[in-house]
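All remarks here apply to the structure that follows.
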Amino acid sequence: MKNAEAVHEAAEILRKGEIVAFPTETVYGLGANAFNPIAVARIFEVKRRPHFDPLIVHVASQGDLDKLVNEIPSDAKKVVEQFWPGPLTIVLLKKEDVPEIVTSGLSTVAVRMPRHPMALSLIKEAGFPIVGPSANPFGYLSPTTAEHVRDQLGNQIDFILDGGPCEVGVESTIISFSGTKPKLLRPGGVPLEEIESIIGQVEIHPRVEDKPLAPGMLPRHYAPRTPILLDWEDKNFDFNRDKKIGLLVFQEPRWSFKFHHIEVLSKKGDFREAAANLFAAIRRLDELNLDLILAETIPEVGLGRAIMDRLRRASGIA
Ligand code: TXA
Ligand code: MG
C-alpha cells in the first residue's frame with residue numbers, strides 16, 4: 001500500500017473511533033481522536049496504562065492548538081516557533097472541552113506538533129488532534145519501528161501505519177509553561193541547551209517525586225526485562241564468567257571481557273545517531289536472555305541528557 005493510501009485508511013479508522021499506531025520522528029505513537037473519550041479509553045486499556053498518566057495531544061496546525069488551549073504564554077510561543085514541528089511537547093492550561101481522560105483530570109494539557117510527514121498528514125486528514133502515547137505496553141521501551149509495535153501490540157490495535165525507523169529515537173522534550181517559570185518535565189529530542197538559548201534558564205523538575213507529574217519520571221520506566229547496570233566502570237566490577245553479560249556502549253568497547261553480545265550506539269561518536277539507535281539496541285540485547293546488560297555512562301550534554309535519562313530509568317536507578 002502506498003503511504004498516502006495507508007494514511008487515508010488510518011484516518012478513516014480514527015474517524016470511526018478506533019485506534020491506530022503511527023510513526024513520529026521520536027517514537028511510534030498509539031493514536032485516537034483526542035475528543036472521543038471512548039476511543040481514548042481504549043488506548044489506556046491496550047497499553048495497560050494507569051489512568052493517572054495523562055496523554056500528549058498531537059496537532060498539525062495552529063487551529064488544532066486553539067482547540068486545546070485558550071492562551072499561549074510568550075515563552076511557549078517562542079519555543080513553538082523555533083521547534084515545531086519537532087520533538088518538543090509543551091504543557092499549557094487546557095480548554096474546558098479537552099476530555100478529562102486525556103489529561104487525567106489535570107487542568108493542563110500536553111501538546112506537540114510532530115514533524116514526521118505521515119504523522120502530520122494523518123492528523124490533517126483525520127480532521128482532529130490525536131492523542132499519542134508511545135505505542136508500547138506501559139513501562140516498557142518505546143517502539144522506534146513498526147515491527148516493534150507489531151511485536152508487542154499487533155493483535156490489539158486496528159492498524160499500524162509504517163513510516164520506517166524513527167529518526168530521533170527518544171521521546172520529545174516536555175516543558176511545562178503552566179507555572180510561573182518554564183520547567184523541564186522530561187529531557188528528550190530537543191536538547192535543553194537549545195531551549196535555554198531562546199527563553200533563558202529552565203527549571204529542572206526533580207527526578208523522583210512522591211507523586212510524579214509524568215510517569216516517564218518514575219524511577220523504573222522504559223525498562224527491558226533484563227537487568228541493566230550503570231556506573232559499574234570505576235567500581236572494580238566482578239566479571240563472573242558463568243554469566244551471560246551483554247554490553248551497551250556509546251562509541252567503542254574499552255573492555256577486554258568476552259561479552260556475549262555488544263551493541264555500539266554510534267561508531268562515529270554522534271549523539272544523534274546514538275539516540276536513534278538506543279531503544280532498538282536495548283531491545284536486541286533484551287531478546288538474548290542475558291543475565292545482565294552493562295551500559296556505559298555518557299556525558300549529559302545535548303542529547304546525552306535524554307539518553308542517560310532513559311538508561312537510568314531502564315536500569316531502575318533514576
Ligand atoms: O515523543 C513523544 O512525546 C511520544 C510520541 C509518540 O509523540 N509520545 C510519548 O507519549 O512519549 P507518552 O504518553 O509515552 O509520554 C507522555 C508523557 C507522560 O510521561 C505523561 O505523564 C506526560 O507526558 N504528560 C502528559 N500530559 C501531561 C500534563 N498535562 N502534565 C504533565 N505531564 C504530562
Ligand atoms: Mg511512553
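Given the structure is predicted, the values throughout are model-derived calculations rather than measurements. Note: hydrogens, waters and symmetry copies are ignored here, and every other heavy atom, side chains too, is used. Remember, it's 1-based here, ligands and their atoms both numbered in the order they're listed.
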Answer yes if the ring centres of H148 and F279 are under 6.0 angstrom apart, and no otherwise. no

Is a side-chain N or O of K95 found less than 3.5 angstrom from the main chain of D66, in a donor-acceptor match? yes

Which is it for T108 and ligand 1 at heavy atoms under 4.0 Å: side chain, backbone, both or neither? both

Under 3.5 Å donor-acceptor, R283 side chain and L141 backbone: yes

In terms of its nearest heavy atom to atom 14 (O) of ligand 1, the top option of P54, G31, S134, G132 is S134

Relative to the heavy atoms of E171, which atoms of ligand 1 are at a distance of less than 4.0 Å? 1 (O), 2 (C), 11 (O)

Please indicate whether any nitrogen or oxygen in R112 is less than 3.5 Å from any nitrogen or oxygen in ligand 1. yes

With T24, the side chain to side chain donor-acceptor pair (under 3.5 Å) member among H116, H58, R112: R112

Under 4.0 Å from a heavy atom of P133: which atoms of ligand 1 are those, numbered in the order shown and with their elements? 10 (O), 12 (P), 13 (O)

Please could you name the atoms of ligand 1 that G29 approaches to less than 4.0 Å, counting only its heavy atoms? 6 (C)

Check contact between L106 and ligand 1, using heavy atoms of the residue and a distance below 4.0 angstrom. yes

Between D53 and K47 (salt bridge meaning N to carboxylate O under 4.0 Å), is one present in this structure? no

Result of checking P114, C166, P87, S142 against T26 for side chain to side chain contact (heavy atoms under 4.5 Å, CB included): P87

Under a 4.0 Å N-O cut-off, is there an ion pair linking E12 with R15? yes

Note: L55, heavy atoms under 4.0 Å from ligand 1, region reported as backbone

Identified side chain to side chain contact (heavy atoms under 4.5 Å, CB included) partner of T108 from the options V98, T103, V91: V91

Ring centre gap for F138 and F44 strictly below 6.0 Å: no

Distance check below 2.8 Å: does S134 bring an N, O or S atom to the Mg ion (ligand 2)? yes

Could you tell me whether ligand 1 has any atom less than 4.0 Å away from a heavy atom of H58? yes

Can you sort out which atoms of ligand 1 are near S172, meaning under 4.0 Å from one of its heavy atoms? 1 (O), 2 (C), 3 (O)

Identify, by atom number and element, the atoms of ligand 1 in contact range of R186, meaning under 4.0 Å from any of its heavy atoms. 2 (C), 3 (O), 9 (C), 11 (O), 15 (O), 16 (C), 17 (C)

Out of I174, V111, V27, indicate the one that has the non-hydrogen atom closest to atom 4 (C) of ligand 1. V27

Is R49 touching ligand 1 with its side chain, its backbone, both, or neither, if touching means heavy atoms under 4.0 Å apart? side chain

I want to confirm something. Looking only at heavy atoms, which of L185, T89, I56, V57 is nearest to atom 16 (C) of ligand 1? I56

Out of all atoms in ligand 1, which are within 4.0 Å of some heavy atom of T26? Include the element for each. 1 (O), 2 (C), 4 (C), 5 (C)

Hey, mind stepping through F128 and N36 against side chain to side chain contact (heavy atoms under 4.5 Å, CB included) and telling me if it holds? CA-CA 10 Å; F128 41 72; N36 179 340; over 6 Å; no

